[in-house]
Amino acid sequence: MTKRYKSTAGQICSTIWLLLISYVTVAAEQASHEHMAQRIKSTFESQLFQLPPRIQGHYGIRLYRISGQQQYLPAALYDYYVVNDRMHALRTQLNDADAIAAYSQQLIAQLGDSTRGKARRRALAAHPSFIFYADQLLRYAARLHEFGVAIPEDVKLALQNYDFGPALTDPVMIRAWAAQLANYVYWLRDLGIADHRLTYKTAFLAAYPNSQDDSLTRWHFRNKLYGLTHFVFAASQYYQQFVSASEFEWIIDYFRANQQRILKQASEDIKAEVGLVFLLCQQNSEPMLALLKQSLASSFDQQAGMIPSVNGRVDLATGEHRNVLAYMLFNWPPRLHRGPIFNDMAELKPYLPAYTQHSRSLNDGHQ
């Protein structure tokens, strides 16, 4: 055999060997990720019903929407009962301005003294009743709407009569509540109250212009990322439907352009959320996904069976958000499930709250 042929054969063997190594490495990494995801699931589901109602609901609703499995309905139904009770309690205050003002101040006082809490209190100084209408009444109405529940007319009227616009376009509010404001914007649209989507996008970009990213602190960079992910999450009605990649190309491009800073400075919660944005936009082959998964996997605590907080805390209640998102990222399905629409489930109808009305469809023309 000539030297030339020996060289060619050697190159072919080297290429095959490299491909085999690459295949084995990818397979091993995938198996490791699957193991991590199953550990997270086992950790939380073995203790799910010991967690607070809101945490149970958060977990159960998301697992139902990515799997359609009925085993998650009890946790979602628990959330339904609590949210329904809270909304109907708020209804008794809708015609009492003094009661709304007093309750709003109580809610503001509960925001705490963290960086986020202080920022939110400062922002709400100009919009004190916003926390009642948006973070309470609207949030509960939107959750019930997701379950197929018809919203009472007095609640709709109260939401229609409150002017959300000033708070949604206030840069101080955006720099304190970026993600939550995105939720409120889409919930108002979904409920047929008002459509502030374009207005809020414009205000968001003015409050956090890309040209000034270098001056953002880590906290504000995370708040901006958190806000961007929630444009997509809220548009998907929280993992109930895929969204248009072209509609959110401006967000996808931003994540790609800031890949290194995201991997370095984002919390584990936000890394998982960024990954889910790509998946909701059906960008399943996005190269950044692998890097985000690797980063999350490197933070996994084998002994605790979960991803700890940035300061190493492994509490289940405070860590559920981060871990259920990571689980979803590693177990993303080919289809998503709406609801759950409890009124369409004959076996659950006898157990639904007696003082709610139900609508047949969640679509309402918003796809």
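Each ring pair (Phe, Tyr, Trp, His ring centres under 6.0 Å) pair with one or both residues in residues 314-338, not counting sequence neighbours, appears once here: His33-Phe330, His58-His321. Within the structure, the salt bridge (charged side-chain N to carboxylate O under 4.0 Å, His left out) test picks out the following pairs touching residues 148-157 (sequence neighbours left out): Arg91-Asp154. The list of salt bridge (charged side-chain N to carboxylate O under 4.0 Å, His left out) pairs with a residue in residues 54-80, not counting sequence neighbours, reads Arg65-Glu146, Asp79-Arg143. Under the ring pair (Phe, Tyr, Trp, His ring centres under 6.0 Å) criterion, no residue pair touches residues 271-297, with sequence neighbours excluded. Applying the salt bridge (charged side-chain N to carboxylate O under 4.0 Å, His left out) definition to pairs two or more places apart or across chains, those involving residues 220-245 are Asp213-Lys224.
Taken from CG in Leu138 to CG in Leu90, the straight-line distance is 11.5 Å, to the nearest 0.5 Å. Atom OG of Ser129 sits about 11.5 Å away from atom CG of Leu107, to the nearest 0.5 Å. Atom CD of residue Gln282 and atom CG of residue Asn284 lie 7.0 Å apart, to the nearest 0.5 angstrom. Atom CD1 of residue Ile270 and atom CZ of residue Phe221 lie 8.5 Å apart, to the nearest 0.5 angstrom. With values rounded to the nearest 0.5 angstrom, Ile55 atom CD1 is found 10.0 Å from Leu316 atom CG. We find the NE2-OG distance between His35 and Ser42 to be 10.0 Å, quoted to the nearest 0.5 Å.
Residues satisfying the salt bridge (charged side-chain N to carboxylate O under 4.0 Å, His left out) criterion with Asp113, sequence neighbours excluded, are Arg121. Under the salt bridge (charged side-chain N to carboxylate O under 4.0 Å, His left out) criterion, Asp163 pairs with no residue at all, not counting sequence neighbours. When the salt bridge (charged side-chain N to carboxylate O under 4.0 Å, His left out) test is applied to Arg197, the partners found at least two apart in sequence or on another chain are Asp195. In this view, Asp301 satisfies the salt bridge (charged side-chain N to carboxylate O under 4.0 Å, His left out) rule with no residue, not counting sequence neighbours. Taking Tyr162 as the reference, Tyr133, Phe164 meet the ring pair (Phe, Tyr, Trp, His ring centres under 6.0 Å) condition, with sequence neighbours excluded.
You'll find the side chain of Phe255 stays beyond 4.5 Å of the side chain of Glu286, heavy atoms only. Within the 4.5 Å cutoff, the side chain of Leu329 has heavy atoms near those of the Leu289 side chain. Looking only at side-chain heavy atoms (C-beta outward), Leu73 and Leu77 stay at 4.5 Å or farther from each other. Between Glu268 and Lys271 there is a side-chain heavy-atom pair separated by less than 4.5 Å. Using a 4.5 Å heavy-atom threshold, the side chains of Asn323 and Tyr59 count as separate. Side-chain atoms of Gln237 and Arg338, non-hydrogen and from C-beta on, do get closer than 4.5 Å to each other. Between Ile262 and Leu225 the shortest side-chain heavy-atom distance falls below 4.5 Å. With contacts defined as side-chain heavy-atom distances shorter than 4.5 Å, the pair Leu48/Leu51 qualifies.
Side chains of Tyr208 and His220: a donor-acceptor N/O pair is present below 3.5 angstrom, by distance only. In summary, the side chains of Gln70 and Tyr64 do not present any donor paired with an acceptor at a separation below 3.5 Å, with no hydrogens or angles considered. A donor-acceptor contact under 3.5 angstrom links the side chains of Arg39 and Gln302, judged on distance only. If you check the side chains of Tyr72 and Glu45, you find a donor sitting under 3.5 Å from an acceptor. Counted by atom type alone, His127 and Asp170 present one or more donor-acceptor pairs between their side chains at under 3.5 Å. With 3.5 Å as the limit, one finds a donor-acceptor pair spanning the side chains of Asp135 and Tyr184.
Checked against the 6.0 Å centroid criterion, the rings of Phe231 and Phe248 do not qualify as a close aromatic pair.
For CG of Asn95, the number of neighbouring non-hydrogen atoms (other residues, nucleotides, ligands) closer than 6.0 Å is 12 at most. Within a 6.0 Å sphere centred on CZ of Phe49, heavy atoms belonging to other residues, nucleotides or ligands number more than 12.
Through side-chain heavy atoms spaced under 4.5 Å, either directly or across other Ile, Leu, Val, Met, Phe, Trp or Tyr residues, Tyr78 is tied to Val82. Side-chain contacts under 4.5 Å among hydrophobic residues (ILVMFWY), followed directly or transitively, place Val172 with no other residue at all.
A continuous path of ILVMFWY side-chain contacts below 4.5 Å connects Phe242 to Leu279, so both sit in one hydrophobic cluster. Residues Trp250 and Val232 fall within the same hydrophobic cluster, defined by Ile, Leu, Val, Met, Phe, Trp and Tyr side chains chained together at heavy-atom separations under 4.5 Å. Hydrophobic cluster membership differs between Leu157 and Leu191, with clusters built from Ile, Leu, Val, Met, Phe, Trp and Tyr side chains linked at under 4.5 angstrom. In this structure, Met345 is a member of the same hydrophobic cluster as Tyr81, with clusters built from ILVMFWY side-chain heavy atoms closer than 4.5 Å.
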For Tyr238 and Ile61, what are the C-alpha separation, side-chain angles and deciding distance, and is it a side chain to side chain contact (heavy atoms under 4.5 Å, CB included)? CA-CA 9 Å; Tyr238 273 84; Ile61 291 167; over 6 Å; no
Intermediate values then yes/no, side chain to side chain contact (heavy atoms under 4.5 Å, CB included), Trp177 and Asn223: CA-CA 8 Å; Trp177 297 80; Asn223 189 54; over 6 Å; no
So Arg139 and Gln180, side chain to side chain contact (heavy atoms under 4.5 Å, CB included) or not? Walk me through it. CA-CA 10 Å; Arg139 178 160 60 94; Gln180 288 71 24; over 6 Å; no
Could you check Ile251 against Thr229 for side chain to side chain contact (heavy atoms under 4.5 Å, CB included), going step by step and ending with a plain yes or no? CA-CA 8 Å; Ile251 294 175; Thr229 62; over 6 Å; no
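In terms of heavy atoms, Gly305 sits closest to Thr43 at O-OG1, 2.8 Å. Closest approach of Asn84 to Pro353, counting heavy atoms only: ND2-CB, 3.6 Å.
Note on ring orientation: taking the six-membered ring where Trp is involved, the planes of Phe342 and Tyr80 are parallel (angle under 30°, cut-offs 30° and 60°).
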